[in-house]
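Take a look at the structure set out below.
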Amino acid sequence: MKALILVGGYGTRLRPLTLSVPKPLVDFCNKPILLHQVEALVKAGVDHVVLAVSYMSELLEREMRIQEQRLGIRISLSHEKEPLGTAGPLALARELLNIDNEPFFVLNSDVICDFPFKDLLQFHRNHGKEGTIVVTRVEEPSKYGVVVFETESGRIHRFVEKPQVFVSNKINAGIYIFNPSMLSRIQLRPTSIEKEIFPVMAEEGHLYAMELQGFWMDIGQPKDFLTGMCMYLQSVRQHAPERLRTGPGFLGNVVVVSSDTFCRKVSEGKNIPA
């Protein structure tokens, strides 16, 4: 299976962390944000990851060559010469994604959660249409664009931007799976997948929603980055408490990077978060 991750942004909301490294390589709980996603994809059976890159692509390429060997997968870089929005990168990488006519995952690089890739694949195959998006519940839907869908089947009817009257409390979580036929809907130009592609797919009955279980956070700005860390560590306590460090001097949920990893990052001149 294949996956495309949208990593072409400048990460301006996370400055100064992104002045020296691209946002996907910023450490999140002792591991680059991007690796949380890639490793979860590999566990679900993905063996080819495509990165839609632009900003500081040479640093991403260097790090991904190391991870490519470590994980035993193929990692390709698809270079944007101009910003292509959230749909254009799929058209740019069309030849890589449409090789074997199998469904492929698409992710926003800002997302952290308990990635449900295996469940998403099964749900997608069961309904048999072109696309599935993961949705997550929020407390204040009036701040977001919400997704209106059938609870039992998951079929999406429409999207409503910042509703003032309650219609749904589910929003797009930035995790998708598509059949390659969906690529014919996208031209190679700056395009919004949320505003230009999804509404048409929903109207034609080709877009379904699967609700995410567990935590979710868009970690694209500092306060949400910190909140996301707390949510991630709480999830680790629930599902893999052996990964947490305990004993004298440790309060709360704590993970500690290994000395080997720390020394490697220092030798490479990487910033180590406090």
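Numbering of residues begins at 1 and proceeds along the displayed sequence.
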Starting from Leu6, can I reach Ile197 by hopping between I/L/V/M/F/W/Y residues whose side chains sit under 4.5 Å apart? yes

Evaluate the criterion side-chain contact (heavy atoms from CB on, under 4.5 Å) for residue pair Thr136 and Phe215; output intermediate values, then yes/no. CA-CA 9 Å; Thr136 187; Phe215 84 99; over 6 Å; no

Do you see a donor-acceptor pair shorter than 3.5 Å between the side chains of Ser76 and His48? yes

Are any side-chain N or O atoms of Arg65 and backbone N or O atoms of Ile75, one a donor and one an acceptor, separated by less than 3.5 Å? yes

Student check: side-chain heavy atoms of Pro103 and Phe178 closer than 4.5 Å: no

Gly145 versus Ile171, closest heavy-atom pair with distance: O-CG2, 3.6 Å

Check the pair Val26 / Leu34 against side-chain contact (heavy atoms from CB on, under 4.5 Å), numbers first and verdict last. CA-CA 8 Å; Val26 171; Leu34 181 60; over 6 Å; no

pair Arg74-Leu96: side-chain heavy atoms closer than 4.5 Å: yes

Name the residue from Ile112, Asn108, Asp110 that meets the side-chain contact (heavy atoms from CB on, under 4.5 Å) definition with Asp218. Asp110

Charged N to carboxylate O under 4.0 angstrom, Glu39 versus Arg70? yes

Between Met182 and Leu84, is there shared hydrophobic-cluster membership here, with clusters defined by ILVMFWY side-chain heavy atoms closer than 4.5 Å? no

State whether the number of non-hydrogen atoms from other residues, nucleotides or ligands found under 6.0 Å of Glu150 atom CD is greater than 12. yes

Regarding His124 and Asn179, is there a side-chain donor-to-acceptor distance under 3.5 Å anywhere? yes

List the atom of Pro141, the atom of Asn169, and the distance in Å for their closest heavy-atom pair. CB-CA, 3.9 Å

Should Tyr176 and Phe198 be marked as a side-chain contact (heavy atoms from CB on, under 4.5 Å) after you check the CA-CA gap, both sets of side-chain angles, and the distance that decides it? CA-CA 11 Å; Tyr176 321 123; Phe198 284 169; 3.8 Å; yes

Between Phe105 and Phe117, is the gap from one ring center to the other below 6.0 Å? yes

Which value, rounded to the nearest 0.5 Å, describes the distance between Arg189 atom CZ and Glu196 atom CD? 5.0 Å

For Gly228 and Ile219, work out which heavy atoms get closest and say how close. CA-CG2, 4.1 Å

Quick one: closest heavy-atom pair of Tyr144 and Pro163, and the distance? O-CD, 3.5 Å

Mind checking whether Val200 and Leu207 have side chains closer than 4.5 Å, heavy atoms only? no

Output for pair (Leu212 CG, Cys113 SG), nearest 0.5 Å, gives 5.0 Å

Indicate whether any N or O donor in one side chain lies under 3.5 Å from an N or O acceptor in the other, for Gln221 and Asp224. yes

Decide yes or no for Ser235 and Asp114: does some side-chain heavy atom of the first lie under 4.5 Å from some side-chain heavy atom of the second? yes

Taking the six-membered ring for Trp, are Phe149 and Phe159 ring centroids under 6.0 Å apart? no

Nearest 0.5 angstrom please: Ser109 OG to His36 NE2, how far? 13.0 Å

Are a donor atom and an acceptor atom from the side chains of Ser192 and Glu194 found within less than 3.5 Å of each other? yes

Heavy-atom closest pair (Ile73 atom, Asp47 atom, distance to 0.1 Å) is CB-O, 3.5 Å

Is the closest side-chain heavy-atom distance between Asn172 and Val135 below 4.5 Å? no

Is it the case that one hydrophobic cluster holds both Met231 and Ile175, taking links as side-chain heavy atoms less than 4.5 Å apart, direct or via other members? yes

Correct closest heavy-atom pair for Gln37 and Phe115 would be CG-CZ, 3.6 Å

Determine whether a donor-acceptor pair (N or O, by modelled atom type, separation under 3.5 Å) exists between the side chain of Trp216 and the backbone of Val111. no

Determine whether the aromatic ring centres of Phe225 and Phe28 lie less than 6.0 Å apart. yes

Close side-chain approach of Pro32 to Leu35, heavy-atom, < 4.5 Å: yes

Test log, rule side-chain contact (heavy atoms from CB on, under 4.5 Å), inputs Asn126 and Gln122: CA-CA 6 Å; Asn126 286 344; Gln122 188 60 53; 3.0 Å; yes

Under a plain distance cut-off of 3.5 Å, with no hydrogens placed, do Ser181 and Glu130 share a side-chain donor-acceptor pair? yes

Euclidean distance, Ile177 CD1 relative to Leu120 CG, rounded to 0.5 Å: 5.0 Å

Under the salt bridge (charged side-chain N to carboxylate O under 4.0 Å, His left out) definition, can you give me all pairs with a residue in residues 153-163, not counting sequence neighbours? none

So Leu121 and Thr132, do their side chains get closer than 4.5 Å, heavy atoms only? no

dist Met217:CE -> Leu226:CG (nearest 0.5 Å) comes out at 10.5 Å

Hydrophobic clusters here meaning ILVMFWY residues chained together by side-chain heavy-atom distances under 4.5 Å, can you tell me if Ile5 and Leu92 are in one? no

Heavy-atom count around Glu102 CD within 6.0 Å, excluding the residue itself: above 12? yes

Spatial distance of atom CD1 (Ile66) from atom CD (Glu61) [nearest 0.5 Å]: 11.5 Å

For Lys170, what residues pass the side chain to side chain donor-acceptor pair (under 3.5 Å) criterion, not counting sequence neighbours? none

Only one of Leu51, Leu97, Val50 passes side-chain contact (heavy atoms from CB on, under 4.5 Å) with Ser78; say which it is. Val50

Do Glu80 and Pro89 touch side chain to side chain, with heavy atoms closer than 4.5 Å? yes

